[in-house]
J.: 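Supplied in structure tokens, the structure appears directly below.
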Amino acid sequence: MYVRRSAAVLAAVTVIGTVTPAFAADSSPSASPSVTLPSGLYGTSDPTYDGVWRQSLALIAQHRVDVRPAATAVDWLVGQQCANGAFAAFRAEPAKACDAKTMVDTNSTAAAVQALAAAGGHGTEIGKAKTWLRSVQNKDGGWGYTAGGASDANSTSVVIGALNSSGGLHAPNVQKDGKSPYDALVKLSLPCADGGAFAYQPDKKGRLSANADATAAAVVAASGQGMLTTRAGDKAAADCADGSRRTPEQAAANGAAYLGKALEKDGYLKSALAGAEDQPDYGNTADAVVALAVQGGESAARKPLEWLEKNAATWAKQNGPAAYAQLIFAAHATGTDPRDFGGTDLVKQLNATGPAPQSAATASEQEKDKEKKENDDSPFGVWWYVGIFLVVGIGIGFLLSGRNKGK
């Protein structure tokens with residue numbers, strides 16, 4: 001998914017006519033940031049095209065493993081939101097109001113919604129973001145990377161995850177011209193004669209081509225889940241099947257069957273980025289593990305999971321927080337311990353890429369401080385209550401004394 005986001009950003013800025021991302025031909029961001037890195041941000045590479053995305057994935061992954069993120073990390077993400085509810089990939093000057101030149105996008109916004117839902121206490125921000133997402137929904141029920149762009153499987157899938165991650169209307173009920181997000185996904189699914197996969201989006205002639213990354217994302221979304229809510233399924237592995245009317249559930253099952261066959265030989269997916277060498281695609285393989293687990297549980301994803309445990313540590317170290325998060329998602333979906341993933345503590349490594357998370361002791365101290373503040377804020381103070389209890393105690397003493405004398 002990380003590679004696909006890079007490609008999507010490139011496509012977006014090419015259409016709009018702005019500067020081409022320096023890393024668009026590579027899955028890893030530039031090692032030399034062109035902007036000053038905020039203290040609350042995860043990762044040390046240039047955040048220009050993925051700041052909100054990687055921050056969101058880091059916060060979601062921490063939530064999945066019961067880690068409370070640093071308040072500064074959550075505050076930084078909140079500060080990236082525009083007044084209309086949307087998020088851009090990165091805003092170097094969050095105090096400056098967004099304008100027509102601010103390149104907001106559906107992927108950053110949907111990921112941020114899930115991260116803020118994980119953090120809790122951000123209903124207002126989430127509501128504004130979901131309202132914006134609904135305002136840019138396409139007539140086919142889906143979403144493109146940018147407002148008005150043709151619907152694609154990845155963008156539609158991450159928005160479905162956002163809509164299903166918090167209160168209010170969920171994805172099936174968010175419709176445009178009678179079309180839901182699931183209608184858009186099914187429209188992007190291929191028949192079994194072509195493998196049963198999902199396409200990213202139609203080409204200029206309207207033809208669909210199988211895309212493993214889009215398939216992994218769409219299988220999870222068509223199952224009604226997202227990054228924040230993925231859980232292992234228990235459906236037995238099945239071959240691709242075409243009914244008289246393809247449902248989201250059938251399209252998801254077909255997509256999982258496609259991924260299973262694609263991973264059968266080597267245990268990993270290969271890079272599909274134009275011009276890339278014939279090499280493993282770690283991020284897409286991690287996403288495929290989640291998709292297979294969502295459909296058929298741990299056993300369905302065992303082979304690619306074992307491959308990741310043996311081979312993904314170096315990749316994650318090079319690519320930072322989003323990569324660690326993807327591996328944590330894969331581990332969590334399959335019931336694998338992310339703190340011992342092929343000998344690597346993914347949680348520790350993720351935490352080390354940003355501000356130190358709150359420890360249990362810190363959280364406890366904050367609760368005590370809150371309680372103390374509430375007492376201090378009382379118009380009478382804590383000693384007033386102590387005095388009341390003393391008076392009541394003395395009164396009870398006199399009462400008991402009087403009873404004893406009357407006996």
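In what follows, residues are counted from 1 in the order of the sequence shown.
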J.: What is the minimum heavy-atom distance between Ala262 and Leu269, and which atoms define it?
T.: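 That would be CB-CD2, 3.9 Å.
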J.: Pair Arg339, Val65 - check side chain to side chain contact (heavy atoms under 4.5 Å, CB included), show working.
T.: CA-CA 9 Å; Arg339 291 178 171 83; Val65 294; 4.1 Å; yes
J.: Set out, in order, the CA-CA distance, both residues' side-chain angles and the distance that settles side chain to side chain contact (heavy atoms under 4.5 Å, CB included) for Arg54 and Ser45, then state yes or no.
T.: CA-CA 11 Å; Arg54 76 192 193 202; Ser45 59; 3.1 Å; yes
J.: OG1/Thr314 to OH/Tyr282 distance, rounded to the nearest 0.5 angstrom?
T.: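 Nearest 0.5 Å value for the OG1-OH distance: 7.5 Å.
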J.: Is there a donor-acceptor pair under 3.5 Å between the side chain of Gln358 and the backbone N or O of Ala70?
T.: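 Pair absent, no side-chain N/O of Gln358 close to backbone of Ala70.
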J.: Would you list the pairs meeting salt bridge (Lys or Arg N to Asp or Glu O under 4.0 Å) in which at least one residue belongs to residues 161-180, sequence neighbours left out?
T.: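 Residue pairs passing salt bridge (Lys or Arg N to Asp or Glu O under 4.0 Å), neighbours aside: none found.
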J.: Shortest non-hydrogen contact from Thr285 to Gly267?
T.: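 Result for this residue pair: CG2-O, 3.9 Å.
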J.: Check whether any side-chain heavy atom of Asp213 sits under 4.5 Å from a side-chain heavy atom of Tyr200, and report yes or no.
T.: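 Side chain of Asp213 against side chain of Tyr200, heavy atoms only: no contact under 4.5 Å found.
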J.: Does Val35 reach the side chain of Phe90, with side-chain heavy atoms less than 4.5 Å apart?
T.: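 Yes. Closest side-chain heavy atoms under 4.5 Å.
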J.: Quick one: do Asn107 and Ser155 satisfy side-chain hydrogen bond (donor to acceptor under 3.5 Å, both in side chains)? Show the steps, please.
T.: CA-CA 6 Å; Asn107 288 224; Ser155 298; 2.9 Å; yes
J.: Nearest 0.5 Å, please: how far is NE2 in His332 from CD1 in Ile60?
T.: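 The NE2 atom of His332 is 12.5 Å from CD1 of Ile60, to the nearest 0.5 Å.
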J.: Side chains of Gln225 and Arg231, heavy atoms from C-beta outward: is any pair under 4.5 Å?
T.: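 The answer is yes, as the side chains (C-beta and beyond) meet within the 4.5 Å cut-off.
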J.: Could you tell me if the side chain of Tyr42 sits less than 4.5 Å from the side chain of Gln62, heavy atoms only?
T.: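 A side-chain contact under 4.5 Å exists here.
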J.: How many angstroms lie between CG in Asp183 and OG1 in Thr156, if you round to the nearest 0.5 Å?
T.: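 Spacing of CG (Asp183) from OG1 (Thr156) equals 11.0 Å.
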J.: Of the non-hydrogen atoms in Thr230 and Arg64, which two are nearest, and what is the gap between them?
T.: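 That closest heavy-atom pairing would be O-NH2, 2.6 Å.
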J.: Where do Gln326 and Gly283 come nearest, in terms of heavy atoms and distance?
T.: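 That closest heavy-atom pairing would be NE2-O, 3.3 Å.
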J.: Return each pair, listed once, that meets disulfide bond (SG atoms under 2.5 Å apart) where at least one residue sits in residues 43-76; pairs must be two or more places apart or across chains.
T.: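 Pairs touching residues 43-76 that pass the test: none.
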J.: What pairs with Arg246 under salt bridge (Lys or Arg N to Asp or Glu O under 4.0 Å), at least two apart in sequence or on another chain?
T.: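 For Arg246, the residues satisfying salt bridge (Lys or Arg N to Asp or Glu O under 4.0 Å) (neighbours in sequence not counted) are Asp242.
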J.: Are any non-hydrogen side-chain atoms of Lys317 and Thr344 less than 4.5 angstrom apart?
T.: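 No, side chains not in contact.
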J.: Just jot down the side-chain contact (heavy atoms from CB on, under 4.5 Å) partners of Cys98, sequence neighbours excluded, or say none.
T.: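 Only Cys82, Arg91, Thr102 meet the side-chain contact (heavy atoms from CB on, under 4.5 Å) criterion with Cys98.
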J.: Do you know which two heavy atoms are closest between Pro355 and Leu41, and how far apart they sit?
T.: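 Taking Pro355 first and Leu41 second, the nearest heavy atoms are CD-O, 4.1 Å.
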J.: Crowded around Lys187 NZ? As in, over 12 foreign heavy atoms under 6.0 Å?
T.: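 No, the 6.0 Å shell around NZ holds no more than 12 heavy atoms from other groups.
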J.: Which donor-acceptor pairs under 3.5 Å do side chains of residues 301-312 form with protein atoms, sequence neighbours excluded?
T.:
residue : atom : partner : partner atom : Å
Lys303  : NZ   : Glu264  : O            : 2.4
Lys303  : NZ   : Lys265  : O            : 3.3
Asn311  : ND2  : Trp307  : O            : 2.8

J.: Walk me through it: do Trp143 and Val158 pass the test side chain to side chain contact (heavy atoms under 4.5 Å, CB included)?
T.: CA-CA 9 Å; Trp143 285 267; Val158 72; over 6 Å; no
J.: For residues 109-196, pull every pair meeting disulfide bond (SG atoms under 2.5 Å apart), keeping only residues two or more places apart or in separate chains.
T.: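 Pairs touching residues 109-196 that pass the test: Cys192-Cys240.
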J.: Distance-only, no hydrogens or angles: does the Thr109 side chain make a donor-acceptor pair with backbone N or O of Ala129 under 3.5 Å?
T.: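 Between the backbone of Ala129 and the side chain of Thr109 there is no qualifying donor-acceptor contact (under 3.5 Å).
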J.: Among residues at least two apart in sequence or on other chains, which ones pass salt bridge (Lys or Arg N to Asp or Glu O under 4.0 Å) with Asp203?
T.: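 With sequence neighbours excluded, Asp203 shows a salt bridge (Lys or Arg N to Asp or Glu O under 4.0 Å) to Arg207, given in chain and number order.
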J.: Mind checking what makes side-chain contact (heavy atoms from CB on, under 4.5 Å) contact with Ala221, not counting sequence neighbours?
T.: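 If we apply the side-chain contact (heavy atoms from CB on, under 4.5 Å) test to Ala221, skipping adjacent residues, the hits are Ser157, Ile160, Leu185.
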J.: Going by the ring pair (Phe, Tyr, Trp, His ring centres under 6.0 Å) test, which pairs reach into residues 202-221, not counting sequence neighbours?
T.: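 Listed once each, the pairs would be none.
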J.: Side-chain contact test, heavy atoms from C-beta onward, threshold under 4.5 Å: evaluate it for Tyr258 versus Val219 and give yes or no.
T.: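 Not touching, per the 4.5 Å side-chain cut-off.
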J.: Which side-chain hydrogen bond (donor to acceptor under 3.5 Å, both in side chains) pairs, counting each pair once, include a residue from residues 131-142, with sequence neighbours left out?
T.: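 Every pair satisfying side-chain hydrogen bond (donor to acceptor under 3.5 Å, both in side chains) with a residue in residues 131-142: Asn138-Ser151, Asp140-Ser151.
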J.: If you measure from CZ on Phe87 to CD on Gln55, what distance do you get to the nearest 0.5 Å?
T.: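 Spacing of CZ (Phe87) from CD (Gln55) equals 11.0 Å.
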J.: Test of understanding: with side-chain contact (heavy atoms from CB on, under 4.5 Å), list the residues that count as partners of Thr247, not counting sequence neighbours.
T.: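 Thr247 satisfies side-chain contact (heavy atoms from CB on, under 4.5 Å) with Arg245, Glu249, Gln250 only.
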J.: Could you tell me if the side chain of Thr44 sits less than 4.5 Å from the side chain of Thr353, heavy atoms only?
T.: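 No; the side chains remain at least 4.5 Å from each other.
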J.: I'd like to know if the side chain of Asp266 and the backbone of Tyr268 have a donor-acceptor N/O pair within less than 3.5 Å.
T.: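 No, because the side chain of Asp266 does not come within donor-acceptor range (under 3.5 Å) of the backbone of Tyr268.
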J.: Does the Gln81 side chain pair with the main chain of Glu125, one donor and one acceptor, at a distance under 3.5 Å?
T.: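 Pair found, side chain donor or acceptor close to backbone of Glu125.
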J.: Kindly write out the residues that satisfy side-chain contact (heavy atoms from CB on, under 4.5 Å) with Ser165, not counting sequence neighbours, or none if the list is empty.
T.: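 For Ser165, the residues satisfying side-chain contact (heavy atoms from CB on, under 4.5 Å) (neighbours in sequence not counted) are Val113, Gln114, Ala117, Leu228.
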J.: Side chains of Asp194 and Leu208, heavy atoms from C-beta outward: is any pair under 4.5 Å?
T.: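 No, side chains not in contact.
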J.: Rounded to the nearest 0.5 Å, how far does CG of Asn284 lie from CG of Leu259?
T.: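 Rounded to the nearest 0.5 Å, the CG-CG separation comes to 10.0 Å.
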J.: Nearest 0.5 Å, what's the CG-CG distance between Leu190 and Asn254?
T.: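 Leu190 CG to Asn254 CG: 10.0 Å, rounded to 0.5 Å.
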J.: Which atoms form the tightest heavy-atom contact between Phe198 and Ser189, and what is the distance?
T.: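 Shortest heavy-atom separation between Phe198 and Ser189 comes out as CE2-CB, 3.6 Å.
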